[in-house]
Colleague: 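Attaching a single structure in C-alpha cells format; questions to follow.
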Amino acid sequence: MRSHLPPHDHGVMDPAPAPYLIRINGHLGATMLSAFPAMAGRHHGAHTMLTGLLDRSALYGVLAEIDALGLELLEVRQLTQDRESLESGDSRSP
Amino acid sequence: MSLPCHDVGMGKAPEPGPGSRAGRPQDMEVTGDLPLSLTGFLGRTARLVARDDLVADLDRAAAGKVTIISAPAGSGKTSLLRAWAARPGRAHRVVYLPVRRDEQDAQVFWLALLHAVRPATGTISDTEPPVATPDFDVRTLADRVFSALARQRDPLTIVIDDLHELDSPESLAQLTRLLANLPPHVHAMVATRHDLRLPLHQLRLAGELAEIRGEDLRFTERETRELLDASGIALSQDETALLHQRTEGWAAGLRLAAISLAGHPDPERFIAEFSGSERTVAEYLIAEMLERQPDDVQNLLLRTSLLDRVNGDLADLLAGRPGSERILLSLEDANAFVVSLDPERTWFRYHHLFADLLRLELRRTRPAEVPALHRRAAQWFIRHGQAGDAIRHIQAAGDWPEAARLLADHSFRMTMDGQGQTVRALLRAFPRPADYPELALVRAARNVAWGHLDEAAADLKIAQTYAETTPPDRQRRLAIAIASLQLRLATRRGHLADVTEQARFLAAPVTGQSEEDIALGNDLRVVALMNLGTVEASRGLADAERHLRQGAALAREIGRPYLEVRCLAQLGPASKMRSFTAAREYCEEAIALAERHGWGAEWVIAPALVALADTMVWTGEFDEAERWLQPAARALQADTGPDIRLLLHQTTGMLLAARGRHREALEEFSAAESLQSQLEGRPATAGQVTGWMLATRARIGMTGEASAALEAVSDELAGSGELSNARAVIRLAEGDPAAALGAVRDVLAGTAPVIGYVTVIEAQLLAGLAYRELGDQRAANQAAERALTLAEADGVVLPFAMTDSRELLTALPSHETAHAALLADILDILRGSPMTSAQDAAWLATELSPGELRVLRYLPTNLSRREIAGELSVSVNTVSTQLRSIYAKLGVNDRSEAVHRARELRLLTTGGTR
C-alpha cells in the first residue's frame, strides 16, 4: 500500500529471504492482517506474531506498514536457527 | 491544482491561497494538490482539546530555532500544532506546509515552501510568484527560500507536517541546511512519524533544538476527560479511566472512541466490550465507528479512501450516488479525521491513518471494486486535466498498458507544466518498463534535457517504431511528442535541416477543438519557434531573431513565462553577430525577466548569461564578464549537451586569452572545439574557436603542433579570415613576419570570408605587429589606426588584448590617431590588474545573484537607493530587497560594512562599470 522504504546503504547485495518473526501488541483482525499479505499471523497471548520469508526490502516494507497503521511493534527476530518455530506454536487463526 | 500550503496569518481573514482557481495563469499550477486552508488548519478546532500544557511546551520550544515533533501515527501531532497556532494571543505569522502523501516531486515541496515563506503582500511587488519549471534544482530553490527568509522582518514560524512523506534525499539534505541556518526571527516546527536523517547536532548542542516525542503526546486522564466533555460524552470516572487505559492515551484511539460514543445508546457496554477485547485499538474502533454510520456514509468513506483528496463531485462518482458533499461537510464537523482543504470547504482529505485503515477494510471486504474505483477516479482526473493523478490511479488499478499509454501521451504537457519529477516518479513505478515501448518517449525527454543525446536518439527510435503500430488518432499525438523531442535533440546537435523540418511539422495547426488541443497547439508553436530560432542563431542566420521574438511574444500571450524566458535567453546569442549593443540589451531583458521569476541563476537563463559575458569580454569588461560566467557555469553543471557548453568554453577561453593566460585558454578552446565536432552542422563561430585554438598554441610555443593542425583543417574553413589570422599568429611566432603579412592579405583586402568586422580588427593588429617586426613603424601605425577606427563604434577591446598589442598602441603617437579616448581606454584595460584569484571572491560571486552583484557595485557611490534603482532601471523595492539579501549573505548590517566587506573580498573593482 505504501512505498517509502528506507534506502539501503549497507553496500552489500540484498541477502536471500530469511524467515522473520514480528511481534505486535494486540490482536490483529482480518483487516489489519490484510496489510501483511506475505506473512502469516497468529495470536499469542495478548500479542500477534507475524511470520514469513522476507528479504531486506520486504522487511522494511512491513516495518513501514506497521508504522503507518499505528501498530505497536514489540519484537523483530530473524529465525535463522529455528526454522521449525514457523510451523509450531499456537495455530489459532484470527 | 496548486501549492499545498497556507499562510495561517495573524488572526485576519485568509487571503486567497495560491491555489485559488480564479484568475490564475495556467503555468502557476504546480501539482495536483490544494492549499491547506485556514479553515483546514485552524478553523474547526472546536472539537480539539486545548492541551494547554503541551501548547505551553511548544511556546517555550518556539523560543529556540527548531522544534521536532517525532511520534507515531495518530499521536495527535497535527492537532497539537493546530491548537498551538490557534491559541489566543499568538502574535506572529505561522505558515503551515503539509507534505503530500508519498511525495516524490521535490519541486512541489520546495515551491510550496517558497510560496509559504514569501513576505505577505506588497513588499516585493515586482517579483513574480514562484512557478514550476521543467528544469529545476533543489539547491537553487532552497537558496531562494533562504533569501526570502532573509527579507523577512517579522517573526515567522514555519510548520512542516508529515515530513516523513517526503521521499527525496536531496530535499532532506537541503532542509537540514535550512534548519541549521535559519535567520534569528524564524522558527521551524517539523512533525514526522519517525526520526529522519536531519543531522542537527549543532543546534542540539546550542540548545536550539526542542524535541517532542510520542510519550509527551499521550493524553493524560484529565485530557481524556476534556476530550470527552468537548464531544458531549458523559462517562463516569471509572469508565473514563478504563478508556484511557485501554487506548493508552493514544490520540487517534480516543478520537475514534469519541465518534462511536457520541450518541451511543449504551456507552457503558461500549467501554466494557472495548476493554474486554484484545484487538488492536485502531482496528476495533474503526470497525465500531463504521458500523455505527448509516450505509451511505460507510459506502462513501470506504470507496473514497483510495483518494488522496476528495470533493463532492468525485465522491459522488465513486460512491455511485449523489449527496456526498453534504456527508463530507458533516463528517468534518463531527470529527478530526476529515479535514477540508480550502476556505470554501469543497476539497477534503482524510487523516492518513484513518484512510489507511479504511483502504484495508475496502480491499478486504470489496476487493473486486478496487480496480474499478481507481479507473473511475482516473477518468475524473483526466477530465479535469490532472494527468499525474489519473496515471497514478491507473497504475494502482494494475492497468499497466493503459498507464504507459497515458504517460506517453501526457508527458510533454506535464513537463511543460514543471511536473518533470512527477513524470519520472510515474516512470519508476512500472514493474517492467521495457514491456511498454511508448515509455521510451518519456525516457527520451529526460535524456534530451540532461544532454545525453545519443541515448535520447536511441529512445526516440524505439518510440517511433512503436508509434507506427498505433491507430491514427493516437499516432498523431505520439508524432507530436516525438517531433518536439526530435526538434529539441536536433537543436542541441545543431542539425539545421532536421530542426526546420520538425518545426514546420509542429507549427502546423493542431487538429481538434478541445481547449487542451488548442493549448497544446500554442505550446508546440512556441517550442517550434524557439528551437528554430536557436539553431538558426547558432548558424548565424538572420531569421533567428525574428523567430525567437515571435516565440517570446506568443509565450507571453499564452502565459508561459518560462518559455518566454527561454526564447529571450536565446536572443542574445542570436544577435551578437549583428550588434554587441543589441545582444547586450536582449540579454539584460531576458535576465531581468528571469530574475523576476527567481530563475536568475538557473539553466534556462544560462545562454543569456554566457552571451552577456561574451559581449563584455569583447568590450574589455573582463572582471564583470567573469562574474556572469560563474553563475552560468554553475547552472550548466548538470547539462552535458554540446550546444550551450560550447559557448561557455569559448567565452571562458576568450576571457583567459585576453588576460594572457594562454595555457588555460587553450584548454577551454580545445574543449569548445571538441564539443563543436559533436554538433551535426558547423556553428557560425566555428572558425573563431578553431582559429583561436591554433593561435593560442602558437603563443605558448607549440608552433609545430599549431602548423600541423592548421594543415589538417578542412579547405572550406582554411580559407576563412579567422584561420588566416591564426596562420599569421603562427608565422609571427615562427619569426616570419613577412609570411604573417601574406597570411592576412585577403582579410585586409576584404576578399576572405569573415564572421564579422572583429576578425578584420584582429587582422589589422597582426599586420601591425608584423610591420613592427619588419621595422616599418609607419605601416604599423597605420594598421593600428585602422584597427582603432573599426573598434570605435562598439568599443571593441578583445582583439587588442588577445594579440597583445600594447606596444603597438603605445608606439602610436597621439597626434596620429583620431581615437585618442578609445586608445587610452584600451591601454588602461591592457595595463589593468591581473585577474582576482581570491578563492572566496569566486565563492561569494556565485552566492550573490547577478542582480545583487549589480547593486553591490553601486554601494561605494553616494547614490541613494532610488538613484541606484534608476541607474539599473528597476524599482526601488527590488533594490531594497537585493540590499537586504546582500547584507544577509555578506553577514553585515549596513551599507558601509557591506562596502568594506566587498572590498576585502574584491567583489568591487574599478574596471567594468556599466
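So you know, we letter chains A, B, ... as the sequences are listed, proteins then strands, and number each from 1. Quick caveat: nothing in here was measured; it's all calculated off a predicted structure.
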Colleague: Are any non-hydrogen side-chain atoms of E248(B) and E72(A) less than 4.5 angstrom apart?
Modeller: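 Yes, close enough: below the 4.5 Å cut-off.
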Colleague: Could you tell me which of V281(B), I286(B), L353(B) has the largest number of non-hydrogen atom pairs under 4.5 Å with chain A?
Modeller: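 Among the listed options, the one with the most contacts to chain A is L353(B).
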Colleague: Minimum heavy-atom separation for E283(B) to L28(A), with atom names?
Modeller: OE1-C, 3.5 Å
Colleague: Quick check: closest heavy atoms across R193(B) and A68(A), and the distance to 0.1 Å?
Modeller: NH1-CA, 3.1 Å
Colleague: Find the distance between OG1 (T280(B)) and CG (N25(A)) and round it off to the nearest 0.5 Å.
Modeller: 9.5 Å
Colleague: So, T31(A) versus R364(B): side-chain donor-acceptor pair below 3.5 Å or not?
Modeller: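 Yes, because at least one side-chain N or O of T31(A) sits under 3.5 Å from a partner of the opposite role on R364(B).
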Colleague: Would you confirm whether E278(B), through its side chain, and G26(A), through its main-chain N or O, come within 3.5 Å as a donor-acceptor pair?
Modeller: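 No, E278(B) side chain to G26(A) backbone: no donor-acceptor pair under 3.5 Å.
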